Amino acid sequence: MKKATSIRTPWAAATALLAVLLLAACGQKSEEQKMAEPESNGKSNSELLLPGDSTIYGLACEGCNDSVVVLLPGDGGDPVTYDIVNAHRQHHVMGKLMVGDWIGLVRNPNDSTVADFVVNLDQLKGTWCYVVMPKWRDADNPFQGARANMSQKDLDSLKNEYFIPREYGFSLKRQWTAQSVGYVRQNALQSESPVVYPQLLYFTEWHILNGRLVMTSGEFRKTGKNEAMEVVNNRQDTCDIVLLTEDSLVLSSEGESRGYYRRSNTADINKEARQKAAEQQKRALESR
């Protein structure tokens with residue numbers, strides 16, 4: 001097996017001054033190097049990796065292009081150059097490789113100078129959303145029979161009132177933490193609504209496992225004697241990253257794909273849906 005090409009520098013062993021060395025090696029931005037993520041529960045970024053993950057993490061250095069990626073490993077070693085010609089042809093380079101960005105790559109099992117998959121993790125981080133619509137409640141709901149006797153005009157009016165699109169999604173943050181976005185507070189009259197929205201997953205973590213995205217989510221419930229809200233019944237879903245650009249993300253799992261768009265202002269997410277829910281609750285209470 002051939003060894004990956006290394007770019008030797010006289011300061012390679014000075015790992016204690018990693019942030020300064022990154023500036024010299026990769027033309028880093030003046031801010032503290034991005035690999036030095038804040039500690040989470042006393043653990044470093046590398047200690048939080050999933051077992052069995054062979055992804056190599058580091059910073060993109062000067063010299064990255066459509067043919068090669070130059071990566072400065074997170075362990076303080078020398079910058080290493082990997083061939084990514086075939087990865088580009090296979091559309092396995094996710095995101096634009098910018099100098100100083102935190103990236104991950106998966107080496108070819110037969111040639112350590114070749115990367116089969118590359119992803120810009122700094123570009124992957126952020127808030128990603130998609131639109132969901134409600135559906136009519138099941139046949140056991142009293143609205144089911146009432147709708148059968150409605151005129152088309154009344155039915156259209158009901159749809160305009162209740163079929164309000166919502167944005168669901170997640171925020172991928174530093175130190176492999178994640179958070180759901182799109183929550184609309186439930187009220188006491190929610191069960192009386194003629195429509196129901198898809199369940200919103202509560203994401204808590206994200207990871208990369210050999211080039212695939214792993215999302216950890218659970219159910220938000222009251223637990224214990226003090227009925228504190230906690231996320232329970234955690235599960236992990238593994239997705240293929242099909243596309244990653246500045247504003248678009250496509251994930252695929254079990255033969256199904258979903259597209260996401262980036263959101264920069266999370267305060268505006270579901271603003272209209274929250275207002276409409278408040279109006280519906282007010283009218284319902286006034287009619288009682």
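Quantities reported herein were computed from a predicted structural model and do not represent experimental measurements.
Under a 3.5 Å cut-off, the side chain of Asp83 and the backbone N or O of Val85 do form a donor-acceptor pair. Under a 3.5 Å cut-off, the side chain of Ser180 and the backbone N or O of Leu201 do form a donor-acceptor pair. Asn270 contributes no side-chain N or O that, together with a main-chain N or O of Ala273, makes up a donor-acceptor pair within less than 3.5 Å. In terms of modelled atom types and a separation under 3.5 Å, the side chain of Arg107 and the main chain of Tyr82 share no donor-acceptor contact. At distances below 3.5 Å, at least one donor-acceptor pair connects side-chain atoms of Gln123 with backbone N or O atoms of Thr245.
A centroid separation of 6.0 Å or more is found between the aromatic rings of Trp128 and Tyr168. Under the 6.0 Å cut-off for aromatic ring centres, Trp176 and Trp102 qualify, their centroids lying closer than that.
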Q: Test side chain to side chain donor-acceptor pair (under 3.5 Å) on Asp53 and Thr55 and set out the steps.
A: CA-CA 6 Å; Asp53 181 27; Thr55 307; 2.7 Å; yes
Q: Take Phe163 and Trp136 through the test ring-ring contact (aromatic ring centres under 6.0 Å, His included) and record every step on the way to the result.
A: CA-CA 9 Å; Phe163 276 69; Trp136 296 116; 4.9 Å; yes
(Q) Go through it in stages, so that I can follow the logic: the residues are Tyr57 and Ile208, the test is side chain to side chain contact (heavy atoms under 4.5 Å, CB included), and I'd like the CA-CA distance, side-chain angles, deciding distance and then a yes or no. (A) CA-CA 10 Å; Tyr57 300 93; Ile208 296 295; 3.4 Å; yes
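No continuous path of ILVMFWY side-chain contacts below 4.5 Å connects Val184 to Val181, so the two sit in separate hydrophobic clusters. Under the 4.5 Å side-chain heavy-atom criterion for grouping Ile, Leu, Val, Met, Phe, Trp and Tyr, Leu50 is not connected to Phe170 through any hydrophobic cluster. In terms of hydrophobic clustering, with Ile, Leu, Val, Met, Phe, Trp and Tyr side chains grouped at heavy-atom distances under 4.5 Å, Ile241 and Leu243 are assigned to different clusters. Follow the hydrophobic side-chain contacts under 4.5 Å out from Ile164 and you reach Val132 in the same cluster. Linking ILVMFWY residues whenever their side-chain heavy atoms come closer than 4.5 Å, directly or via other members, leaves Val250 and Leu121 in distinct clusters.
Side chains of Asn265 and Asp268: a donor on one and an acceptor on the other come within 3.5 Å. A side-chain donor-acceptor contact under 3.5 Å links Asn210 and Ser54.
Closest approach of Asn234 and Gly218 over heavy atoms only: OD1-CA, 3.7 Å. In terms of heavy atoms, Leu251 sits closest to Cys239 at CB-CB, 4.2 Å. Considering every non-hydrogen atom in both Asp116 and His92, the closest pair reads O-CB, 3.3 Å. Scanning both residues, Val131 and Pro165, for their nearest heavy atoms gives CG1-CB, 3.8 Å.
With salt bridges taken as basic N to acidic carboxylate O contacts below 4.0 Å, none links Glu246 and Lys96.
Aromatic ring pairs are classed by plane angle as parallel below 30°, tilted from 30° to 60° and perpendicular above 60°; the pair Tyr202 and Tyr183 is tilted.
One finds the CG atom of Asp247 at 12.0 Å from the CZ atom of Arg263 (value rounded to the nearest 0.5 Å).
Within the cation-pi definition used here (under 6.0 Å to the ring centroid, within 45° of the axis), Arg166 qualifies as a partner of Tyr197.
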